[in-house]
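Note that the numbering runs from 1 along the sequence shown for the chain. No hydrogens, no waters, no symmetry mates; every other heavy atom, side chains included, goes into these values. Atoms within a ligand are numbered from 1 in the order they appear, just like the ligands themselves.
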Amino acid sequence: MKKSPIETKEFYNQTIYIKRDDLLSKEFSGNKARKFHYFLENEFPNIKRVISYGSSQSNAMYSLSVLAKLRGWKYDYYVKHISSYLQDNPNGNYKYALKNGMKIHVGRIAPIPTENELFIEEGGRQKEAEYGLKVLAQEILEWKEEQGFDELNVFLPSGTGTTALFLQKAFWQFELGFTGTQVSSLFETKPMSPKCNVYTVPCVGDSEYLKEQFLMLEKDENLHPKILVPSKKRHFGKLYRDSYKIWLELQDKMGIEFDLLYDPQGWITLLENPQIFEKPTLYIHQGGLMGNESMLARYIRKYGEDI
Ligand SMILES: *Cc1c(COP(=O)(O)O)cnc(C)c1O
């Protein structure tokens, strides 16, 4: 995987650096490309099929279809439910995943995988994601050196929290020069704060839910990112005027298209916390633009082209 660029932008009088993981490649991009990097680079001689489950419009669902195509694997995806509208009018992630050969199963739970099948948790929340997120951390640290920054704040919105967690953990590991479990014992003697602080905001559940997600992947809370609480409760996948407004502004002022599910909540919350900008601040663009097709159509139906 090639490196993604980092751009300098201004937004609401703040200077902000943007890590353009949306540009990693045309099809396989964003944080799903990072999370599935491990499965792209390693050999799996016995694997013939990948199995996963989740919602019928998820970015992970689509990215797995790309992975399966690249690796020549069959791909079976399990959803609890699919709207008859989507079934009759495939669009967005669903449409493109089907085009890549995904086989969809509705109303059945995913089977236990055989030795020839690779099972991927919903949203790619699993240990192997750590591999690609270490690569991302390394790219960011190299850039930080080049810029001559001593400290850096990194911001990204969370779903399962896998990306934010493994990124913060990798920063600690590179900083302390240790790997795995050895890191945690270092906190017993002295409290520390990392040179690269990861801040995130929950988009799917609340802060408690996100904390639980972190704990499933890493028991040592010293290694967890910092969770910011949005000033307003927004439900995942619902439409909000302020979300649409900031998304249009981001496009207008930066010339960058962000994702419509996570990034509006991300940017609104980041701007609500100006103390973060006291240090150089890097926002991670986590891709997801394929999903915008269906979200944008819904927004335009509700609020029009402009606002
Ligand atoms: C999947 C996704 C997220 C959430 O990532 P997690 O690792 O589950 O927290 C955020 N933004 C975009 C664009 C995504 O596709």
Side-chain angles (χ1 to χ4, degrees), residues 4 18-25 27-38 52-67 92-94 96-97 120-137 154-170 198-207 209-218 224-228 230 234 236-237 243 246-247 250-251 256-270 283-296:
S4 68
I18 319 261
K19 178 71 169 162
R20 300 291 307 272
D21 268 8
D22 55 316
L23 303 178
L24 275 173
S25 84
E27 286 218 293
F28 202 54
S29 73
N31 70 353
K32 305 304 179 294
R34 300 289 185 178
K35 292 200 235 183
F36 300 142
H37 193 168
Y38 178 85
S52 190
Y53 67 100
S55 87
S56 58
Q57 271 298 17
S58 107
N59 294 333
M61 172 193 73
Y62 166 73
S63 297
L64 279 177
S65 77
V66 179
L67 177 72
N93 285 322
Y94 179 68
Y96 298 106
I120 303 281
E121 293 293 339
E122 179 167 17
R125 192 199 66 230
Q126 55 195 62
K127 191 77 193 120
E128 289 87 349
E130 192 163 4
Y131 177 95
L133 290 160
K134 274 191 180 162
V135 177
L136 174 60
V154 175
F155 183 92
L156 69 165
S158 279
T160 66
T162 310
T163 310
L165 177 85
F166 284 136
L167 194 56
Q168 181 67 85
K169 187 177 172 189
V198 176
Y199 289 88
T200 189
V201 59
C203 296
V204 173
D206 60 8
S207 308
Y209 161 84
L210 186 55
K211 186 87 193 262
E212 283 166 23
Q213 301 285 306
F214 289 162
L215 284 168
M216 277 196 255
L217 294 167
E218 174 56 59
H224 289 188
K226 295 188 175 57
I227 300 176
L228 300 171
R234 295 181 190 84
F236 191 64
S243 297
I246 200 161
W247 183 85
L250 286 160
Q251 183 136 316
I256 299 178
E257 181 183 350
F258 283 90
D259 143 273
L260 270 161
L261 272 172
Y262 300 88
D263 286 319
Q265 167 111 322
W267 281 101
I268 290 170
T269 310
L270 176 59
Y283 189 101
I284 313 245
H285 192 320
Q286 300 179 90
L289 301 187
M290 202 64 87
N292 276 0
E293 188 178 295
S294 49
M295 279 298 284
L296 187 57

(message) Any donor-acceptor pair under 3.5 Å linking the side-chain atoms of Tyr38 with those of Glu130?
(response) no
(message) If only side-chain N and O atoms count, and only distance matters, is there a donor-acceptor pair under 3.5 Å linking Gln286 with Asp22?
(response) no
(message) Taking atom NZ as the centre, does Lys211 end up with more than 12 heavy-atom neighbours from other residues, nucleotides or ligands that are less than 6.0 angstrom away?
(response) no
(request) Under the salt bridge (Lys or Arg N to Asp or Glu O under 4.0 Å) rule, collect the residues that match up with Asp263, sequence neighbours excluded. (result) none
(request) Look at the aromatic rings of His285 and Phe258 and report parallel, tilted or perpendicular, splitting at 30° and 60°. (result) parallel
For ligand 1, run through the N/O pairs with the protein that fall under 3.5 Å and put one pair on each line.
unit_1: ligand 1; atom_1: 5 (O); unit_2: Asn31; atom_2: ND2; d: 2.8
unit_1: ligand 1; atom_1: 7 (O); unit_2: Lys35; atom_2: NZ; d: 2.8
unit_1: ligand 1; atom_1: 7 (O); unit_2: Thr163; atom_2: N; d: 3.1
unit_1: ligand 1; atom_1: 7 (O); unit_2: Thr163; atom_2: OG1; d: 2.6
unit_1: ligand 1; atom_1: 8 (O); unit_2: Lys35; atom_2: NZ; d: 3.2
unit_1: ligand 1; atom_1: 8 (O); unit_2: Thr160; atom_2: N; d: 2.8
unit_1: ligand 1; atom_1: 8 (O); unit_2: Thr160; atom_2: OG1; d: 2.6
unit_1: ligand 1; atom_1: 9 (O); unit_2: Gly159; atom_2: N; d: 2.7
unit_1: ligand 1; atom_1: 9 (O); unit_2: Thr160; atom_2: N; d: 3.3
unit_1: ligand 1; atom_1: 9 (O); unit_2: Gly161; atom_2: N; d: 2.8
unit_1: ligand 1; atom_1: 15 (O); unit_2: Lys32; atom_2: NZ; d: 2.7
unit_1: ligand 1; atom_1: 15 (O); unit_2: Asn59; atom_2: ND2; d: 2.6

(request) Could you check if a side-chain atom of Ile256 sits within less than 4.5 angstrom of a side-chain atom of Leu250, using non-hydrogen atoms only? (result) no
